[in-house]
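Both counts, for ligands and for their atoms, begin at 1 and track the order of listing.
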Amino acid sequence: MSVQINPSILSADFARLAEEAKAVQGADWLHVDVMDNHFVPNLTLGVPVVESLSRATDTPLDCHLMIEAPDRWAPAYVEAGAGSVTFHVEAAAAPVRLAREIRAKGARASMALKPATAIEPYEDLLPELDMLLIMTVEPGFGGQAFLDIMLPKIRRTRQLIDRHGLDLWLQVDGGVSAETIERCAEAGADVFVAGSAVYGADDPAMAVRALREQAAAKGADSPR
Ligand code: DX5
Ligand code: ZN
């Protein structure tokens, strides 16, 4: 399991996205939060911005779709250049068909669970996915406090992934910071989204390096 750090541009300056992407050199992916003011009570950006951003940076884009009707919209984000597309299972009409379509178009397929959504009903779907996202805040806004009550779900999900012998990344998103990343890594997460903890730092690239070191020191492959 290798650690990946994905800064969320939700906490960046939207008028300077290309520069903000360069400010996090060394990040594994750029996390792009797409919100439609229906699935979540906030509105951010859509396909044209993802298209421009993918031309402006070499860092691959990890698009987190917090939108209704992802079945209709997710493929357009692959076409716009996203390397990974995450849809919410609560919004998807046909998650298996959608994951297959995302993969067929050439991106990694990922499914997200809100805090109140259990993983167990989706155990049989895991082989269809390249990544599973466990939200550690209610989706919609950056800068919220990490929900410790999600740690048991992260642990149970890691056990399911290992039991099935899957090469499935386990991402956490929301309130991930120097204070909380070690708990997430210990529980079995290996992909860490961080918005305010990276873009709120004086040196965002250094914040990425520091988070990576913390997570690697506590991750599954490290001695406990
Ligand atoms: C929240 C978004 C997150 C957000 C995280 O709904 O999905 O990606 O940017 O921001 P922080 O790290 O500040 O909690
Ligand atoms: Zn997100």
Between the Zn ion (ligand 2) and D33, which N, O or S atom of the residue is the nearest one? OD1
Atoms of ligand 1 under 4.0 Å from any heavy atom of M66, numbered from 1 in the order shown, are 6 (O), 7 (O)
Which ligand 1 atoms does H64 reach within 4.0 Å, using its non-hydrogen atoms? 7 (O)
Could you list the atoms of ligand 1 found under 4.0 angstrom from a heavy atom of G174? 14 (O)
Any chance you could measure L170, atom CG, to R158, atom CZ, to the nearest 0.5 Å? 5.5 Å
Would you find a donor on one side and an acceptor on the other, under 3.5 Å apart, between the side chain of T44 and the backbone of M35? yes
List the steps, then state whether side chain to side chain contact (heavy atoms under 4.5 Å, CB included) holds for D28 with R212. CA-CA 10 Å; D28 295 279; R212 188 191 304 286; 2.8 Å; yes
Give a yes/no on ligand 1: does A197 have at least one heavy atom closer than 4.0 angstrom to it? no
Return yes when atom CZ of R97 has more than 12 non-hydrogen atoms of other residues, nucleotides or ligands closer than 6.0 Å, and no otherwise. no
Looking only at atom types and distance, does a side-chain atom of T86 sit under 3.5 Å from a main-chain N or O of H64, one as donor and one as acceptor? no
Considering just N/O/S atoms, say which atom of H64 is closest to the Zn ion (ligand 2). ND1
Considering non-hydrogen atoms of the protein only, which is the closest contact for atom 14 (O) of ligand 1, and what is the distance? G175 N, 2.8 Å
Identify, by atom number and element, the atoms of ligand 1 in contact range of P139, meaning under 4.0 Å from any of its heavy atoms. 6 (O)
Which atoms from ligand 1 have a heavy atom of D33 less than 4.0 Å away? 2 (C), 3 (C), 4 (C), 7 (O), 8 (O), 9 (O)
Taking both backbone and side-chain atoms of E138, is any N or O found less than 3.5 Å from an N or O belonging to ligand 1? no
Shortest protein heavy-atom distance from atom 13 (O) of ligand 1, along with the residue and atom involved: S196 OG, 2.5 Å
Counting non-hydrogen protein atoms only, what is the nearest one to atom 10 (O) of ligand 1? Give residue, atom name and distance. G142 CA, 3.5 Å
Please check if the side chain of D71 supplies one atom and the backbone of A94 the other of a donor-acceptor pair under 3.5 Å. yes
Which residue supplies the protein heavy atom nearest to atom 1 (C) of ligand 1, what is that atom called, and how far is it? F141 O, 3.5 Å
Side chain R155, main chain E186, donor-acceptor under 3.5 Å: no
Let me see the working for T117 and H88 under side chain to side chain contact (heavy atoms under 4.5 Å, CB included), right down to the final yes or no. CA-CA 10 Å; T117 305; H88 268 267; over 6 Å; no
Atom 12 (O) of ligand 1: closest protein heavy atom, distance to 0.1 Å, is G195 N, 2.8 Å
Cation-pi check, R108 onto W29 ring (under 6.0 Å, within 45° of axis): no
Main chain of G140, side chain of N42: is a donor-acceptor contact present, judged purely on distance under 3.5 Å? yes
Indicate yes or no: does an N/O atom of G143 lie under 3.5 Å from an N/O atom of ligand 1? yes
Would a distance-only check, ignoring hydrogens and angles, find a side-chain to backbone donor-acceptor pair under 3.5 Å from D173 to L133? no
Just need the protein heavy atom nearest to atom 5 (C) of ligand 1, so name the residue and atom and give the distance. D173 OD1, 3.5 Å
Subset of ligand 1 atoms that lie under 4.0 Å from at least one heavy atom of H31: 8 (O)
protein heavy-atom neighbour closest to atom 6 (O) of ligand 1 works out as G140 N, 2.7 Å
Ignoring hydrogens and geometry, is there a side-chain-to-backbone donor-acceptor pair from S54 to A80 under 3.5 Å? yes
Neighbour count above 12 (heavy atom, 6.0 Å) for E123 CD: yes
For ligand 1, indicate whether the residue S8 contacts it via side chain, backbone, both or neither (heavy-atom separation under 4.0 Å). side chain
Give the atoms of ligand 1, by number and element, whose distance to some non-hydrogen atom of A194 is under 4.0 Å. 12 (O)
Angle, OD2 of D173 through the Zn ion (ligand 2) to NE2 of H31 - 10° precision: 100°
